[in-house]
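One structure is given below, encoded as structure tokens.
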Amino acid sequence: MTQGVVQDKVSAALVGALRLAQQRGLLKLEQLPAVNLEAPKRPEWGDVSSTVAMSLSASERRPPFEIAQIIIDHIEQRDALFNRVEIARPGFLNLTVKRQLWMEVLHEIEAQGAGYGHSQIGQGHRVLVEYVSANPTGPLHVGHGRGAAVGQALVRLLKATGHEVVSEYYINDAGRQMKLLGVSVLARYMEFCGKTVSFPEDGYQGEYIRAVAARVKAENGEALLSLPPVEAEQRSREFAYRELLALIRQDLETFGIAFESWFSEASLLSSGGVDQVLSELKARDLLFDQDGAQWFRSSAFGDEKDRVVRKQEGDYTYLASDIAYHRDKLLRGFDMLVDVWGADHHGYIPRMQAVVQAYGYPKERLRVVLVQMVNLLRGGQKVEMSKRAGEFITLREVMDEVGADAAKFFFLMRDSSTHLDFDLELAKQQSQENPVYYVQYAHARIASLRRVAASRGIDCPLPSQADLDLLQDPDELALIRKLSAFPVVLQASAVELEPHRMAYYLRELAGMLHPFYNKHRILPPAPESEAAVASSTDPAACTSRQHEGVTPGLTAARLALMWSVQQVVRNGLNVLGVSAPEHM
RNA sequence: GCGCCCGUAGCUCAGUCGGAUAGAGCAUCAGCCUUCUAAGCUGAGGGUCGCUGGUUCGAUUCCAGCCGGGCGCACCA
């Protein structure tokens, strides 16, 4: 776990000081504390601070201020690392790191490149991330889109932190919903054939069902009418299933998402996997019969009540195959299962965790990421959707309107467990109000800058090729400090399974890049404008934007800094599955 | 009724081992384009962190109760 190249050094120095003080008998230190550093809110508090003295106060039974004093008295190479070391009120350790040390951040970015921010904290851990898993009974809607964006980001974040990850889509191709699909399509088919039929009460109402039925008719003519009803229904169901699953795959592909594994619920049933698992549970007395149904004793593992796995009429419930499915995941050797679910399923969590525990694993092995509803707006006005009437906005429509990148970024902007307002007008707007463009533009803007430099014959050096000593401005240092936080943000996003942290970070980084660009000249002024400035008789004309004295060396150093910012923006967008455009 | 989540600026939200004068974007208002992309930038106003207690040197953060909102409580998925 790294806190950043500079922070790691500072942290090590403080730990060293603690050890030294302990050897000299000044501190007891029953156990060496973790020295976590934070970025102080105010510049006068230095550029790194630590609360370690205050947290030691209780166990050392001394005022934090004294402990802080002891620590700073024992820092070796204090002058090599720090410009200023101060203690603030209760016992904050406020440190100002030597400017040269910060430049190592840029060297680190250069050395790691696309891997900057990545780590190996997940090494040796195998994770299965299951997401989307929408029933193949219709096109993906906006809610699925959010789940897809979150799931993909989690996969990327976990991979970037060294986890071995498999992404999987669980296809609910069995059970009641599939039956309803078949019945619905058949009913529409019969309508097309001129029959009057009463549409099934819980049938799927969407217009897409008619489209599927029309294709059934195009392929089969009226042949299904003469088949036994059960067979006609089955033919309709299988046809619709293939069509709709293909549609889902296409939508996901357009959204830029590919699964490494597709797992069929029906295959669990047909292979006898479900039967086998249930009889194993029965043998361990975790299953029992009551009221003509069969129950899983989930209450033995903290669920509020037991749950039916086989109904009175003999069919398995959804839970039955889910038990077998999660068992299968565990047997495949994953030591963490991540399930991305719609938030309306949250009541299902205790029962799945009961399943995990029934197999002898700690319930934490299953981590459920809940994805809340998306509120679609258009220019501030709510877009009404009624799933019942089959009127919902599809992911396809949203992608067609705002593009996959914007949609993804919006889906990831907020904590997934909170409701999301998604304004379609805003998402396709190409202005600062739109966070997607604001962040992507930071990347494109630097690309543009480099193109202009190249066209003028100015080299764009890497950090190691530039004289970074020339980066003396506080704004430059602030930017570098922000870049140094990237690995920490990435790790936290991955560990907490919260991609929105990365989205926020990128918004903040872009929010520093744009002002910097506006305030500081990077390339020397173009020859024409130089002439214009020289001919200006009004000195006030130049005060709003200072051209500063951009020497070739400073240009080179700033270009190297810009290169680093661009690399970090790209790495961050990449982990969210959003593209980093060169032109906009 | 029970359970889970949430309540932070006008709006949408960050703030996760408890730390300093609580942050950002949008909106509002006042400014900035002979320039490396104004797809941008500068500045201003705006807060009893739902309420009340408790723990603590210190609480937006932890605990309890209350108020308000969302969701769930199927032999549906």
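First the proteins, then the strands, lettered A, B, ... as listed; each starts at 1. No experiment lies behind these values; they were computed from the predicted model shown.
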The side chain of [X] lies closest to which of these nucleotides: [options]?
X	options	value
Met584(A)	A39(B), A77(B), A38(B)	A39(B)
Tyr504(A)	C13(B), G25(B), C36(B)	C13(B)
His500(A)	G40(B), G15(B), C13(B)	G15(B)
Val452(A)	C36(B), A77(B), U12(B)	C36(B)
Asp415(A)	U37(B), U12(B), A14(B)	A14(B)
Asp421(A)	C36(B), A77(B), U12(B)	U12(B)
Tyr437(A)	C36(B), A39(B), G15(B)	A39(B)

Taking atom [atom2] of [N] as reference, at what distance in whole Å does atom [atom1] of [X] sit?
X	N	atom1	atom2	result
Asn94(A)	U21(B)	CG	P	13 Å
Met512(A)	U42(B)	CE	P	11 Å
Asn518(A)	G31(B)	CG	P	18 Å
Met178(A)	A77(B)	CE	P	13 Å
Glu313(A)	C75(B)	CD	C1'	7 Å
Gln440(A)	G40(B)	CD	P	13 Å
Met413(A)	C26(B)	CE	C1'	11 Å
Leu449(A)	A39(B)	CG	C1'	16 Å

Given the [atom1] atoms of [N] and [M], what is the spacing between them in whole Å?
N	M	atom1	answer
A24(B)	C66(B)	C1'	32 Å
G10(B)	C75(B)	P	46 Å
A64(B)	U55(B)	P	15 Å
C49(B)	A59(B)	P	12 Å
A9(B)	A44(B)	C1'	14 Å
G45(B)	C26(B)	C1'	15 Å
G1(B)	G46(B)	C1'	42 Å
U12(B)	A74(B)	C1'	36 Å

Please collect all side-chain hydrogen bond (donor to acceptor under 3.5 Å, both in side chains) contacts where either partner lies in residues 43-58 of chain A, sequence neighbours excluded, each pair once.
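Checked against side-chain hydrogen bond (donor to acceptor under 3.5 Å, both in side chains) - neighbours excluded - the pairs reaching residues 43-58 of chain A are Asp47(A)-Trp102(A).
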
Non-neighbouring partners of [X] that pass salt bridge (Lys or Arg N to Asp or Glu O under 4.0 Å), sequence neighbours left out:
X	value
Lys282(A)	Asp289(A)
Glu60(A)	none
Asp315(A)	Lys179(A)
Glu38(A)	none

Contact class for [X] vs. all strands (heavy atom < 4.0 Å): base, sugar-phosphate, or nothing?
X	result
Arg414(A)	base
Arg501(A)	base
Asp306(A)	nothing
Glu496(A)	base
Ser57(A)	nothing

Each nucleotide N or O in nucleotides 17-19 of chain B that has a protein N or O under 3.5 Å away: list the pair and distance.
from, atom 1, to, atom 2, distance (Å)
C17(B), N4, Asn36(A), ND2, 3.2

On RNA chain B, check which nucleotide each of Arg310(A) and Glu498(A) is closest to and give me the residue with the more 5' one.
Glu498(A)

Pairs involving residues 366-377 of chain A, ordered by first then second residue, that meet salt bridge (charged side-chain N to carboxylate O under 4.0 Å, His left out) (sequence neighbours left out):
none

Hey, are Arg378(A) and Glu401(A) close enough for a salt bridge, meaning a charged N less than 4.0 Å from a carboxylate O?
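Result for this pair is yes, salt bridge flagged.
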
Under 4.0 Å between a side-chain nitrogen and a carboxylate oxygen: does that hold for Glu130(A) and Lys329(A)?
yes

Using the test ring pair (Phe, Tyr, Trp, His ring centres under 6.0 Å), find all partners of Phe263(A) that sit at least two apart in sequence or belong to another chain.
Tyr325(A)

Produce a footprint string for nucleotides 67-74 of chain B: one letter per nucleotide, 5' end first; B if the base is under 4.0 Å from any protein heavy atom, S if only the sugar-phosphate is, - if neither.
---SBSSS

Asp475(A): side-chain contact (heavy atoms from CB on, under 4.5 Å) partners, not counting sequence neighbours:
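Partners of Asp475(A) by the side-chain contact (heavy atoms from CB on, under 4.5 Å) criterion, ordered by chain and then number, come out as Asp473(A), Phe516(A), Lys519(A), His520(A).
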
Taking it one step at a time, do Gln440(A) and Asp405(A) satisfy side-chain hydrogen bond (donor to acceptor under 3.5 Å, both in side chains)?
CA-CA 10 Å; Gln440(A) 286 185 319; Asp405(A) 277 343; 3.2 Å; yes

Under a 3.5 Å cut-off on both pairing distances, which runs of 3 or more consecutive Watson-Crick or G-U pairs involve RNA chain B?
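Listed by first number, the stems are B:1-5 with B:69-73, B:10-13 with B:23-26, B:28-32 with B:40-44, B:50-54 with B:62-66.
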
Without placing hydrogens or testing angles, list every side-chain donor-acceptor pair under 3.5 Å for residues 406-415 of chain A, not counting sequence neighbours.
from, atom 1, to, atom 2, distance (Å)
Lys408(A), NZ, Gln152(A), OE1, 3.2
Lys408(A), NZ, Phe255(A), O, 3.0
Lys408(A), NZ, Gly577(A), O, 2.9
Arg414(A), NH1, Tyr504(A), OH, 3.3
Asp415(A), OD1, Ser417(A), N, 3.0
Asp415(A), OD1, Ser417(A), OG, 3.1

Checking Tyr318(A) against Glu265(A): is there a side-chain donor and acceptor pair closer than 3.5 Å?
no

No-hydrogen, no-angle side-chain donor-acceptor test under 3.5 Å, Asn172(A) and Gln177(A)
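No, because no side-chain N or O of Asn172(A) sits under 3.5 Å from a partner of the opposite role on Gln177(A).
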
Above 12 or not: heavy atoms from other molecules or residues under 6.0 Å from NZ of Lys428(A)?
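Yes, enclosed.
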
Counting only distance, no hydrogens or angles, is the base of A77(B) paired donor-acceptor with the side chain of Asp202(A) under 3.5 Å?
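Checked by distance alone, the answer is no.
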
So, Trp45(A) and A20(B): ring centres less than 5.5 Å apart, planes less than 30° off, yes or no?
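Here Trp45(A) meets both the 5.5 Å and the 30° conditions.
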
Glycosidic class, syn or anti, of C41(B) using a 90° window around 0:
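Anti conformation for C41(B).
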
